[in-house]
Amino acid sequence: MAQLRFHNTKTGQKEEFEPIEPGRVRMYACGPTVYDRAHIGNARQAVVFDVLFRLLRNLYGEGVLYVRNITDVDDKINARALELWNSDGAQSLADVVRVITNETIEWYREDMGALSVLTPDLEPRATEFIPEMIELILRLLEGGFAYVAEGHVLFSVDAYSAYGDFSRRSPEDMEAGARVEIAPYKRNPVDFVLWKPSDSNEPGWDSPWGRGRPGWHIECSAMSLKLLGNNFDIHAGGADLIFPHHENEIAQSICANPGSEFARYWMHNGLLTVNGRKMSKSLGNVITIKDLTNKGISGGAIRLTLLSTHYRQSLDWTETKLEENTRAMERWAGMMEDAPNCTGAVSPEIVAALSDDLNTPKAIAELHRLAKEGDFGSLKASVELLGLLTGESGTGRVQVEDGMQNLIERLLQERAGARGRRHFDEADRIRDLLLSAGVEIKDGPQGTEWSATSRFNPDRLEQGNPGDSAIVGGFADDG
RNA sequence: GGCGAGUUGGCGGAGUGGCUACGCAGCGGAUUGCAAAUCCGUGUACACCGGUUCGAAUCCGGUACUCGCCUCCA
């Protein structure tokens, strides 16, 4: 078996990976907060750790247990619900919250399916683990690691001397640089909320401290400890979660279980920029998976783009990159279609590349090599290990309805006739028309073959505007 | 202000001491009515300044610039 090596955020170094229990790997990834469509940043995390999951399954088989939570209690969700809530109506705010979270979970499943992200073994919802969270908080209170103040329960950072070690920052620095308003009831400004009171409208649960809801970090501790144990192998998430989320999770979990180490290996994916700028709602440059699939871009192309940069680097999302990867997916898809019966084993070089801290760019380079050498069997198996060209992520080829097929066939016949008469201007005009609509044609010895690309746009064919070639090969939808 | 990451050929992107990936684009050729697709060939780049070494993109020190986190964020 290839020796696995991962960069561990906890130590800041690349380390050999050995499971705590031989043959068994337990991993936890921070999943979505369900109040909005998944964007390409959410997708990057899901795809990267899906590759890790696939690699681990390839090496450890059924010994892998992968948990990815769903955060369905959160003030962002409450804020969204408040926007939609009609206070005169029959629904309570909590009902609206439930509608939003359920709908968003469906969207998330749909979007992840489009990207061929495998469903984790367990997808616990935070609201199903409220008793576990309360129990955990009680234990922290008993141990003197937390205190109650004005209906809140707060974690006392001063009670945990290692606080800040994980994210390599000192509480003093955090305090000095804090931009947050400091709640007066905190003993230390850096103390964070374990439980907070809910007003009568907000979702809330009865607790020893009154009706309230959990703070942001406690859910992940409660769920991972319950489902994976006090010591497990891998905890994954986006780099922006290192502080405060993961720092706080570690503090809570270890203090609640003295002597435990919580997660042994911590892996964080780099964040994503769009055209060189941070992707954020305030900048209005958030790209959702739905935005892309609505434009006819295949899940496979999105997935390949997300994997084309090493997971720890920041990734700049550009149209050029997406187009390049769309072309690559279409090319490989074409090879697979032309060689449906080829079988083979996953290339050992690809397993080796992935085993070395998930070096997906190197693995992709190997895919190119297999394609070039015509080793379609290995290509197919390797591509599947990366989750490309499987399931819904699709081939990049687009199915065309019958009526449109007939129109294309008729245009091709016209073109063939024109070519026969050596009227090449006419033939080329038809070819340009088809190209502008996203239909590629190939003249071969056996005649002309055609295929619709992901850019297929039937309106172009019907409008018939061969002079407008500016959009050929582009993603523009407005010409 | 604190912490961290990055700077590789036209673009993207691997690579932790010698063999200098890979993709896209470009260029030349084959093929083609012309194309597309395909195939063949073609690319000595590592921000800057010092240092270590027989030898550095790769190690060490410094400088510059870019970006991110520290606030909800994946």
Side-chain angles (χ1 to χ4, degrees), chain A residues 9 12 14 29-33 35-36 38-49 71 74-77 79 164 167-181 190 216 236-245 247 268-273 276-282 286 304-316 318 320-325 327-328 330-331 334-335 349 353 356 359-369 371-372 374 418-420 422-425 427-428 431-432 434-435 439-445 448-451 472-473:
Chain A
T9 306
K14 214 195 267 190
C30 287
T33 301
Y35 67 107
D36 210 349
H39 55 66
I40 51 180
N42 303 117
R44 185 183 193 195
Q45 192 209 351
V47 165
V48 161
F49 296 116
T71 299
D74 183 278
D75 286 354
K76 287 193 296 298
I77 304 173
S167 55
R168 294 177 181 77
R169 61 190 80 202
S170 69
E172 296 76 49
D173 292 341
M174 286 178 242
E175 196 179 331
R179 282 186 253 166
V180 250
E181 211 174 299
V190 190
W216 174 30
D240 55 341
L241 296 181
I242 295 170
F243 186 87
H245 186 52
E247 183 77 54
H268 292 95
N269 61 282
L271 302 187
L272 193 143
T273 56
R277 303 184 70 193
K278 174 185 169 160
M279 184 174 75
S280 77
K281 300 210 165 163
S282 53
V286 173
L304 182 62
T305 303
L306 292 172
L307 294 175
S308 64
T309 297
H310 184 88
Y311 79 97
R312 295 209 299 122
Q313 302 278 52
S314 71
L315 184 157
D316 189 33
T318 64
T320 310
K321 210 176 267 185
L322 180 58
E323 284 176 33
E324 231 177 70
N325 287 301
R327 300 277 306 153
E330 284 173 356
R331 218 165 26 241
M335 289 177 187
E349 280 77 11
D356 185 14
N359 193 336
T360 51
K362 199 171 181 184
I364 290 166
E366 176 67 7
L367 293 180
H368 285 295
R369 192 187 68 78
K372 190 170 186 173
R419 291 179 75 202
R422 304 187 67 78
H423 289 175
F424 296 121
D425 285 353
D428 291 350
R431 182 178 63 206
D432 290 345
L434 288 165
L435 260 178
V439 178
E440 291 182 347
I441 66 179
K442 299 179 192 177
D443 295 328
T448 299
E449 289 178 19
W450 65 272
S451 59
V472 172

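Note on naming: letters A, B, ... go to the chains in the order of the sequence lines (proteins, then strands), and numbering restarts at 1 for each one.
- No donor-acceptor pair under 3.5 Å is formed between the side chain of A:Glu449 and the backbone N or O of A:Lys442.
- When rounded to the nearest whole Å, the span between CG of A:Asp36 and P of B:C73 equals 14 Å.
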- For A:Glu440 and A:Trp450, what are the C-alpha separation, side-chain angles and deciding distance, and is it a side-chain contact (heavy atoms from CB on, under 4.5 Å)? CA-CA 6 Å; A:Glu440 291 182 347; A:Trp450 65 272; over 6 Å; no
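- Checking the phosphate oxygens (OP1, OP2) of B:A35, no side-chain nitrogen or oxygen of A:Lys442 falls inside 4.0 Å.
- B:C69 sits 12 Å from B:A74 when the P atoms are compared, rounded to a whole Å.
- Listed nucleotides B:A14, B:G33, B:C70 differ in distance to A:Phe243; the shortest reach to its side chain belongs to B:C70.
- Going from atom CD of A:Glu440 over to atom C1' of B:U38 covers 13 Å, rounded to whole Å.
- Remark: the separation of the C1' atoms in B:C22 and B:G17 is 22 Å, to the nearest Å.
- The side chain of A:His39 sits closest to B:A74 out of B:G68, B:A74, B:G33.
- Phosphate proximity of B:A36 to A:Trp450: absent, as no side-chain N or O sits under 4.0 Å from OP1 or OP2.
- One cannot find a donor-acceptor pair under 3.5 Å joining the base of B:G33 and the side-chain atoms of A:Asp443.
- When the P atom is used for both B:G4 and B:U53, the distance is 30 Å, rounded to whole Å.
- Rounded to an integer number of Å, the gap from A:Arg312 CZ to B:G13 P is 16 Å.
- A straight line from CG of A:Leu315 to C1' of B:G12 spans 10 Å, rounded to a whole angstrom.
- Side chains of A:Ser308 and A:Asn325 form a contact here, defined as non-hydrogen atoms less than 4.5 Å apart.
- Taking atom C1' in both B:G15 and B:C59, one finds a spacing of 15 Å when rounded to whole Å.
- Nearest-nucleotide mapping onto RNA chain B: of A:Arg44 and A:Arg277, the residue sitting toward the 5' end is A:Arg277.
- Looking at the side chain of A:Ala427, the nearest of the listed nucleotides B:A14, B:A74, B:G33 is B:G33.
- Look at the P atom in both B:U52 and B:G61: the space between them is 15 Å, to the nearest Å.
- A:Asn269 places its CG atom 16 Å from the C1' atom of B:G4, with the value rounded to the nearest Å.
- B:G10 and B:C27 have their P atoms separated by 16 Å, with the value rounded to a whole Å.
- Looking only at side-chain heavy atoms (C-beta outward), A:Thr360 and A:His310 stay at 4.5 Å or farther from each other.
- The separation of B:U42 from B:C48, taken at their C1' atoms, amounts to 31 Å, rounded to a whole angstrom.
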- Task: Quick one: the dot-bracket string of RNA chain B, using Watson-Crick and G-U wobble pairs with both distances under 3.5 Å, [ ] for crossing pairs and | for bases paired to another strand.
- Result: (((((((..(((.....[...))).(((((.......)))))....(((((..]....))))))))))))....
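- Contact check for A:Val48 versus A:Leu306: no side-chain heavy atoms found under the 4.5 Å cut-off.
- The backbone N or O of A:Asp316 lies less than 3.5 Å from a partner atom in the side chain of A:Lys321, making a donor-acceptor pair.
- The side chain of A:Ser280 places no N or O atom within less than 4.0 Å of a non-bridging phosphate oxygen (OP1 or OP2) of B:C73.
- Side-chain contact check for A:Leu241 versus A:Cys30: some heavy-atom pair is nearer than 4.5 Å.
- At a cut-off of 3.5 angstrom, the base of B:C34 holds at least one donor-acceptor pair with the side chain of A:Arg431.
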- Query: What string of B, S and - do you get for nucleotides 21-26 of chain B, 5' to 3', when a contact is any protein heavy atom under 4.0 Å?
  - Reply: BSBS--
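- In this structure, A:Arg44 fails the cation-pi test against A:Tyr311, since its NZ or CZ atom is not both closer than 6.0 Å to the six-membered ring centre and inside 45 degrees of the ring normal.
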- Could you give me the CA-CA distance, side-chain angles and deciding distance for A:Ile40 and A:Met279, then say whether side-chain contact (heavy atoms from CB on, under 4.5 Å) is met? CA-CA 9 Å; A:Ile40 51 180; A:Met279 184 174 75; 3.8 Å; yes
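- Along RNA chain B, the nucleotide closest to A:Gly41 and the one closest to A:Ser308 are compared, and the more 5′ of them pairs with A:Ser308.
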- Task: Please test A:Lys14 against A:Asp356 for salt bridge (Lys or Arg N to Asp or Glu O under 4.0 Å), starting from the C-alpha separation and ending with a verdict.
- Result: CA-CA 9 Å; A:Lys14 214 195 267 190; A:Asp356 185 14; 2.9 Å; yes
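- Atom-to-atom, OH of A:Tyr311 to C1' of B:A5 comes out at 14 Å; the value is rounded to the nearest Å.
- Contacts of A:Thr320 classified as side chain to side chain contact (heavy atoms under 4.5 Å, CB included), with partners at least two apart in sequence or in another chain: A:Thr318.
- Rounded to an integer number of Å, the gap from CD of A:Gln313 to C1' of B:C69 is 16 Å.
- The A:Asn359 side chain lies nearest to B:A14 when the options are B:G68, B:G33, B:A14.
- B:U8 and B:G23 are spaced 15 Å apart, taking the C1' atom of each and rounding to whole Å.
- Per the geometry, CG belonging to A:Asp428 stands 7 Å off C1' belonging to B:A35, to the nearest Å.
- Nucleic acid contact class of A:Leu241 (heavy atoms, under 4.0 Å, all strands): sugar-phosphate only.
- Defined by atom type and a distance below 3.5 Å, a donor-acceptor pair is missing between the side-chain atoms of A:Asp74 and A:Thr33.
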